[in-house]
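Here's the structure we're looking at; comments come further down.
None of these values were measured; they are calculated from a predicted model.
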Amino acid sequence: FCYEKRQQVLDYIINRYGQEKVAQIITFGTLQARAAVRDVGRALEMPYSMVDNVAKLIPRDLGITLERALEASNELRSLYENDENIKRLIDLAQSVEGMPRNSGTHAAGVVIAPDDLKKYVPLQLSNENFITTEYDKDKIESLGLLKMDLLGLRTLTVIGDAIKFIYETTGDKLDLDKIPLDDEETCSMLRNGDTQGVFQLESGGMTKLVIDLGPESFEDLIPLVALYRPGPLGTGMVEDFIAGRHGEKTAEMLHPLLEPVLKDTFGVILYQEQVMQITSVLAGFSLGQADILRRAMGKKKAKELDSMREAFIDGAKQKHGISPQLSSEIFALLQHFAGYGFNKSHSAAYALVAYQTAYLKAHWPAEFMAAFLTSVISDSEKLSWYISVCRSMGLKILPPDVNESGRSFSVNKDRVIRFGLAGVKNVGENAIGSILQARKDGPFKSLMDFCKRVDNRAVNKRMLENLIKCGAMDSFGYKRSELLAVAEQAMDMGRNYQKDYQSGQMGLFGDDSFADVNELKIPKLEEIPKRTILQYEKELIGFYVTGNPLDAYVGSLYYYTPLRKISDASEVLDGKYFSVAGIISDCRIRNTRQGDSMAILTLEDFNGKMEIVVFPKVYRDAARLLYQENAISVEGKLSIDERERKIQALKIKPLQEVPPDLHIKIMKKDENGIVQKGLKQIFESFPGDTPVYLHLVDSGKMIKVERCFWVDGKNAGVYQALDDLLGENWYLKA
């Protein structure tokens, strides 16, 4: 269900069956292998670095236990056998592994009983004030009670909002049940890897899988959810599937009867339904028996499997004359894949939602992204990232405006996205409601008009100043400095106006004369410095509207690894060295136990942020550079643990505003007239003083471009145009 309307469904169930018969279900978080090691290490007060090293040696495989980790990792086993402290740590961790660590409310589970629930299960009041069972979902089911899953999906809320925006901006009433399921524009967008905001498809690994698969219709998306899981990814199933999809590999079937069942998945047993079909087709199992076998295989129930193996072998021999040796081989294959098998109906349902979001993004990008931004408005980091995605799509985002903004993001008639008032710091629901209510009588004409009409009990001085600072009152035609100078006076006058109006004293002189006497005189002032305006915008709405302090460094930033790429990095990159750059948004100075100073920085570039740890030796050399809003470059080592990724700085330097030179890689495929003409057009469109060098990768030649074709290294358009022409990774650090 739509995330925002899930509660309506729950309320219906409570009203329909009775409050005493309905409850949500508790869920227990258990101590997994890594968490057990870390928790025990903390309890024993062991050095963090020692515990961290042990935890990182435990593979990240789903469901890995410490026992299996000791078998899989020679290094971990060696430490266990040769270091008494490590042995004690792991032994104690094994004793608590699998135990409940914390409890919460199940995201979807609801139990409905035939009588008062107190007769069946213990109950408690959750932190969210819901009645919740104290038994988990498995125990609830074992008691014979009815458990329903009511999943609130934010993406369905996004789809609903997008359809509403489409109607408001274009008048079109879009019916998603009638869209073409093989839309070329949608599939082309996905094949190009443009998956940001598309349900289930936007992670780096999934995006690569989408590109490799090359979808041509909705049906091609169904296997994706089933394929992109640890099991299939680690067994070669994905590679086999993609090779089959593109006709590069023909599947070998153990028996001809398997062909119709596995044809659509190119010989790969991908879905749980296929396990059931195979047992039914080969051994004559009823679908009920086949489902019991599927569950037994998935949960590795040895006793059940032994008896069903015999039934399978006997059935295959009696029905089709298949030899016990071959049927045993097929059963073993089924058993292997059943652990990875995925429910196809689940995959199809998710694929449909993925296709619908992709279709909306391809055809109504502004409306879709406005709806998506609304769904992440309370998460400043995600909001900042998706705003940068919008800008990379060529979508314009305007700051909040008291005359245009609603609660959340919206789209105006020019199909431009407008920031919502709920995104402004310290502007609460009561204030927004009062602003929208007052605006029903027409747009606000001035700051004074705003203060007269909006309920003064809902808007205080700080809130008014925040609206001015973030640009929400720019449409009144005055500088932000000028409005801030009279904000307090305007509030006082507005309060007096409302007080007199409510007491009936307004009629003494008449409304018009009162308005004239109390009209606000706004002084002529210099505008707030640009840097301060940007700081206000970032502080109050989470992103820069009228510019970015890093705009001057756009050329230099191209030579460094984007921070978002590192924040999404897999654990295999732990300990690797990176060069990053950005602006310091937070700087905390700390003292070590030895009394030396060190720093913990938050570094931000256009699309991400990263914690930088500066130990005393590096701090001494770079202390003069470590202050908020300063632009720096950092060379350092990536450190990944359970909770976060950070870089340990080895060298810090000031970031140059303009790269000394622009070095462009030209691959063999790009050595043609079309690219040559495109480069000339880019150089002519962005003239400047940054020298340009072309590196012909195939021949190893380097060409220095003539002075008349040098570019403006500060202009972001140069880099975007080169991205469009040559794809990513065209730049070369000299």
Side-chain angles (χ1 to χ4, degrees), residues 182-196 198 201 204 207-217 220 242 245-248 358 361-363 365-366 388-396 551 554-562 565 606-607 658-734:
D182 58 354
D183 180 65
E184 175 53 31
E185 198 172 336
T186 302
C187 293
S188 175
M189 180 187 80
L190 294 176
R191 288 195 297 269
N192 290 332
D194 185 2
T195 60
Q196 295 299 337
V198 178
L201 305 187
T207 300
K208 183 181 182 304
L209 184 55
V210 172
I211 294 168
D212 290 344
L213 195 70
E216 294 173 4
S217 70
D220 293 333
I242 289 170
R245 163 92 170 87
H246 296 300
E248 296 164 4
K361 183 181 177 184
H363 292 276
S388 72
V389 169
C390 289
R391 286 173 170 164
S392 70
M393 292 167 63
L395 298 174
K396 192 174 181 184
D551 285 341
V554 65
S556 297
L557 281 169
Y558 245 82
Y559 292 103
Y560 297 91
T561 304
K565 187 176 279 189
F606 285 109
N607 299 325
V658 182
D661 305 307
L662 183 62
H663 293 263
I664 302 171
K665 283 191 294 189
I666 305 292
M667 310 303 289
K668 179 68 176 173
K669 66 180 177 62
D670 294 325
E671 291 183 28
N672 57 59
I674 296 172
V675 170
Q676 189 177 356
K677 186 177 177 182
L679 286 171
K680 183 173 182 287
Q681 190 174 349
I682 292 169
F683 299 156
E684 288 175 341
S685 300
F686 302 98
D689 298 319
T690 303
V692 178
Y693 295 84
L694 303 180
H695 295 260
L696 307 181
V697 175
D698 190 56
S699 63
K701 292 181 181 177
M702 182 184 76
I703 302 167
K704 185 175 183 179
V705 173
E706 293 176 33
R707 176 70 179 79
C708 60
F709 290 120
W710 289 5
V711 297
D712 178 3
K714 283 187 178 182
N715 196 320
V718 177
Y719 307 96
Q720 185 60 58
L722 288 167
D723 272 353
D724 295 341
L725 180 67
L726 301 172
E728 288 188 5
N729 301 322
W730 54 263
Y731 51 93
L732 188 70
K733 193 166 183 178

Take L662 and V718 through the test side chain to side chain contact (heavy atoms under 4.5 Å, CB included) and record every step on the way to the result. CA-CA 10 Å; L662 183 62; V718 177; 4.2 Å; yes
Test I664 against every option in D670, V705, L726, I703 by the side chain to side chain contact (heavy atoms under 4.5 Å, CB included) rule and name the one that passes. L726
Under the side chain to side chain contact (heavy atoms under 4.5 Å, CB included) criterion, do L209 and L201 qualify, and how do the steps go? CA-CA 9 Å; L209 184 55; L201 305 187; over 6 Å; no
Verdict with supporting geometry, H363 and T186, side chain to side chain contact (heavy atoms under 4.5 Å, CB included): CA-CA 8 Å; H363 292 276; T186 302; 3.9 Å; yes
Check the surroundings of atom NZ in K665: do more than 12 heavy atoms from other residues, nucleotides or ligands lie under 6.0 Å from it? yes
Between Q681 and L725, is a side chain to side chain contact (heavy atoms under 4.5 Å, CB included) present by the stated rule, with each step listed? CA-CA 11 Å; Q681 190 174 349; L725 180 67; over 6 Å; no
State which residues pass ring pair (Phe, Tyr, Trp, His ring centres under 6.0 Å) with F709; sequence neighbours excluded, sorted by chain then number. none
Do any N or O atoms from the side chain of N672 and from the backbone of I674 form a donor-acceptor pair under 3.5 angstrom? yes
Any salt bridge between D220 and R245, counting N to O under 4.0 Å? yes
Would you list the pairs meeting salt bridge (charged side-chain N to carboxylate O under 4.0 Å, His left out) in which at least one residue belongs to residues 700-713, sequence neighbours left out? D689-R707
Got a sec: does the CD of E684 have more than 12 other heavy atoms crowding it under 6.0 Å? yes
Relative to the ring of H663, is the ring of H695 parallel (under 30°), tilted (30 to 60°) or perpendicular (over 60°)? tilted
